[in-house]
Every structure is written in structure tokens, then in C-alpha cells.
Number of protein chains: 2
Amino acid sequence: MARIRAHDYDDRRRRILEIAAALIAEHGFDGASMSMIAARASLSKPGLYHYYDSKEALLFDILHSHLTALRATIAAVPGDLAPEARLRALIQALLAAYRDADDRHKAQINDLPRLPREQQQAIKAIERDIIAPFREVIAALNPRLEPHQLTPVTMSLFGILNWQYTWFQASGRMSLEDYGELVARLFLDGLKSLP
Amino acid sequence: MARIRAHDYDDRRRRILEIAAALIAEHGFDGASMSMIAARASLSKPGLYHYYDSKEALLFDILHSHLTALRATIAAVPGDLAPEARLRALIQALLAAYRDADDRHKAQINDLPRLPREQQQAIKAIERDIIAPFREVIAALNPRLEPHQLTPVTMSLFGILNWQYTWFQASGRMSLEDYGELVARLFLDGLKSLP
DNA sequence: CCTACCGATCGGTAGG
DNA sequence: CCTACCGATCGGTAGG
């Protein structure tokens, strides 16, 4: 028989996830203890374990929910745009989804290897789903690119986008949308002149 | 009185540093224990502490020696080249220095926040020395760029270069030099057409 | 330079 | 008897 759960169980779980992501981003997966996470969530440690069976399950949920949301955002970008407009829209969608997700993004980059192999592969499969639309529109934008160049070119764009969290300041003189437009121009004009 | 040290003290220390960088890259700073590092280096734990006074000192030496070497490589790039040739040379120099330095690079990206504030700032100062020549040549290549655009454009290039370790396979069909040339073309042609 | 340890804290779970 | 926790402590291991 199914357990009865508090009516706000899902909300509480989500709140714990966000608190844990912030602490893991700050201290690393091993440095952020379940005690710290529990304390920050105003829970006892057994109370925390009521929501997540293990520290590993918590990390998996952080990464899985983050990447699932990114994938949904990318999948929602209209497919019938012209290639150039579509790449702009994909770049803006990804940057917008990264907004306020620095903690999860950092956990993804730093702590994915802390998960067991099968869970890592589940996460990496979602990463590939996110990359695929970019790869396809890049191939459409420059048909001269040879297959073995497509991954390096696509990953160059992801380098730009995934590195942004290390230096971008929302308080600076450039908005994230402006940066998306800058990246789109930089990359599109460079791409056109390849190889 | 100064202790007498083994004639190969510095070599042994360097070997420990490389072993430690590999283990920290694999397991994270907190996940790589001093016992693991000692065992891998065929040392007892107190033996390891003969070479490094603390785990923190070991991490600092990994990052400091890595970034000092990068800075020297960048500083050795001729200053009298034309801007376009100079940017190509800077890109190739940085990628060449990253070769076989994935462990140190990963430690830099993931574990810098594990150091105390002052040591972090010492490392970040070297990072700025590495970035500065890129910034200057980018400004020379496109004088239309406004000051507040210079950091985003420069960091876009560093995103490309610093992300490379996550996907690049030396065994693939593209060499690191070829990738450097691809990045130079992509970035230079994009840069010219900004803003 | 070793074995043998320490104070503390880890992730996880017992009884109530 | 249930769920939803608590205070206390488990076996192991961390850095030193």
C-alpha cells in the first residue's frame, strides 16, 4: 500500500534540492555534508532521509531535473525557423535556462563523476539530446563542414555557453540577452567562413 | 639548521604532485585522500607529509605550478607579430600547454574554491596575467569593440579553449593543432564582423 | 620513516 | 497501528 505523504511533499522535496544544489556548488559534493543540507533545510538528518534515500540520490535528482528542464527548453524552440534564426533562438533559450541555475550547472560540471556509472550515462544521454539540435542547425548553416569537424565546432559553441557561469556578472553592463546576441554574431559569422 | 634533503628531493616532489593531480582530478579534492596519494606514490602517510605540509599545500602547488607554466608559455609568444598572427600563436601556445595537463586543468576548474581566500587570489592573479595578452590583441583586432564588450568577447574565446578538455579526444581524427587552427578561424572571422 | 594512533566528522540508521 | 519525524549513535574513515 502506498504511503500517505504530506500534501506539500513535492514542494518540500524541491526546496531541499535547491538548498542542496547551493551547498554542493559552494563546498563540492564531498564537502557538503548531509548534516549541513539538513540544517539549512531546517530538518533533522533523518528528516532529510525521508525525502532522499541517499546523498547520491540527491545529487542524481539535482543533475537529472536540471538537464531534463534544459532539454525541454531546447525542444520547445520552434523547428520551422530559418537556420540562422533557429541557432539564435537555441542560444538564447539555453542562456535563459542557465539564468539562476548556476548552482545546478556547477554541480553538473564538477560532480557528475561522483555518480555511479549507470547514472552518469543516463545524465550524459540527456546532454546529448541537448547538443543534438545545435549540431543539426550548425550542419545546415555550413554544409561544407566535414563530419569530423562538426563535433569540434559544436563543442566550441558549448564551450562559450557553458563557461559563462565562471565570469558573467548579471550586475554588469551587459545583460544575458545582450551576451546571447554577441555570441550568436560571433559564432555565426565565424561559422560561415569555415573551413 | 636546514635539513639535509635527498639529492632527488625536487624530482620526488614533482612526481608526488603529478600523482596527486591525477587522483584529485579523478576523485575530487575531498574524495582523494592523503592515504591514497601516499599509497600511489609508494610512501607512508607521514612520508608524504615530509614533502607537503598539508593537503592544501599540495593543491596550491598543483595549481600554482600549472598556471605559472601557462603564463610563461604565453609570455614567450613573440610580441612583434601582426595581431592576427599573434592571436593564432597565443591560441596554439595555450592549447599546446594544455596537452597532457588535463589533470591539473581539471583541478584548477573544480577545486580552486577549496583553497583559502588569499591563495585563491594568488592563483586568480596569474589567471589574469594569462588572459591579458589575449584581451589586448582582441582589442587591437577590432577597435570598434566597446570596453564593456571586451571581457565578454575575450571570455568567449577562453570558454572555447578551457572547455576543450571535456570532449577532445587526442585519438580522434582531428589533432590539437588542427583544432587550434579551426578555433582561430572561427573566432577571428566572427570577431572581425562584430559588433 | 615506520606503526599506531588522536579528535572530529562522515553517511546512514537504530529505538522510541 | 500509521506517518513523520526526533535525539543519539552506529561502523568507518578523514586529515593530521
Side-chain angles (χ1 to χ4, degrees), chain A residues 1-17 19-63 107 110-116 119, chain B residues 1-13 15-17 19-63 107 110-111 113-116 119:
Chain A
M1 225 174 121
R3 277 189 174 187
I4 293 169
R5 286 174 167 172
H7 69 284
D8 55 355
Y9 181 88
D10 292 334
D11 288 345
R12 288 172 185 268
R13 206 164 190 269
R14 179 71 194 181
R15 185 171 156 271
I16 292 165
L17 184 144
I19 288 167
L23 287 169
I24 290 172
E26 183 178 355
H27 302 285
F29 180 68
D30 289 307
S33 71
M34 291 297 266
S35 299
M36 285 169 61
I37 295 166
R40 190 70 72 89
S42 302
L43 247 33
S44 67
K45 209 167 5 150
L48 173 56
Y49 276 89
H50 175 63
Y51 293 91
Y52 285 98
D53 287 341
S54 68
K55 200 180 182 185
E56 210 169 87
L58 188 40
L59 178 59
F60 182 75
D61 197 20
I62 291 168
L63 304 191
N110 292 351
D111 298 317
L112 177 59
R114 293 320 130 231
L115 290 177
Q119 293 192 344
Chain B
M1 226 174 117
R3 277 194 177 182
I4 292 171
R5 287 175 166 171
H7 68 282
D8 55 355
Y9 180 89
D10 291 336
D11 288 347
R12 287 171 185 270
R13 207 164 188 267
R15 184 170 157 271
I16 290 166
L17 184 146
I19 287 166
L23 287 168
I24 289 171
E26 183 178 355
H27 301 285
F29 180 68
D30 289 308
S33 71
M34 290 297 264
S35 298
M36 284 170 62
I37 295 165
R40 189 71 71 89
S42 302
L43 248 34
S44 66
K45 215 178 341 167
L48 172 56
Y49 275 89
H50 175 63
Y51 293 91
Y52 285 99
D53 287 342
S54 67
K55 199 180 181 184
E56 210 169 87
L58 188 40
L59 178 60
F60 181 75
D61 196 21
I62 291 169
L63 303 191
N110 292 351
D111 297 317
R114 290 325 129 228
L115 289 176
Q119 293 193 344

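Proteins get letters first, then strands, A, B, ... in listed order; numbering begins at 1 in each.
Distance CG (A/Leu48) to P (C/dT13): 12 Å, rounded to an integer number of Å.
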Protein and nucleotides 8-12 of chain C: nitrogen or oxygen contacts under 3.5 angstrom:
unit_1: C/dG11; atom_1: OP1; unit_2: A/Lys55; atom_2: NZ; d: 2.2
unit_1: C/dG11; atom_1: OP2; unit_2: A/Met34; atom_2: N; d: 3.1
unit_1: C/dG11; atom_1: N7; unit_2: A/Lys45; atom_2: NZ; d: 3.2
unit_1: C/dG12; atom_1: OP2; unit_2: A/Tyr49; atom_2: OH; d: 2.8
unit_1: C/dG12; atom_1: OP2; unit_2: A/Lys55; atom_2: N; d: 2.9
unit_1: C/dG12; atom_1: O5'; unit_2: A/Tyr49; atom_2: OH; d: 3.4
unit_1: C/dG12; atom_1: N7; unit_2: A/Lys45; atom_2: NZ; d: 3.2
unit_1: C/dG12; atom_1: O6; unit_2: A/Lys45; atom_2: NZ; d: 2.2

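Taking the side chain as every heavy atom from C-beta outward, B/Leu17 and B/Tyr51 never approach each other to under 4.5 Å. Counting heavy atoms from C-beta outward, B/Gln119 and B/Leu59 have side chains that stay 4.5 Å or more apart. Side-chain contact between B/Arg114 and B/Asp30: present, with at least one pair of heavy atoms (C-beta onward) separated by less than 4.5 Å.
Residue A/His50 has a polar side-chain atom (N or O) positioned under 4.0 Å from OP1 or OP2 of D/dA4.
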Quiz item: Stepwise, does the side-chain contact (heavy atoms from CB on, under 4.5 Å) test hold for A/Ile62 with A/Asp111?
Solution: CA-CA 11 Å; A/Ile62 291 168; A/Asp111 298 317; over 6 Å; no
Exercise. Verify side-chain contact (heavy atoms from CB on, under 4.5 Å) between A/Leu43 and A/His50, making sure each step is shown before the conclusion.
Key: CA-CA 10 Å; A/Leu43 247 33; A/His50 175 63; over 6 Å; no
Quiz item: Could you go step by step and tell me if B/Arg13 and B/Asp61 meet the side-chain contact (heavy atoms from CB on, under 4.5 Å) rule?
Solution: CA-CA 10 Å; B/Arg13 207 164 188 267; B/Asp61 196 21; 3.3 Å; yes
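Shown here is A/Arg40, whose CZ atom has no more than 12 heavy atoms of other residues, nucleotides or ligands within 6.0 Å.
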Quiz item: When Watson-Crick pairs (N1 to N3 and N6-O4 or O6-N4) and G-U wobble pairs (N1-O2 and O6-N3) count only below 3.5 Å on both distances, what is the dot-bracket string of DNA chain D, with | for other-strand pairs?
Solution: .....|.|.||.|.||
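Between A/Ala32 and A/Ile37, the shortest heavy-atom distance links the atoms O-CD1, 4.4 Å.
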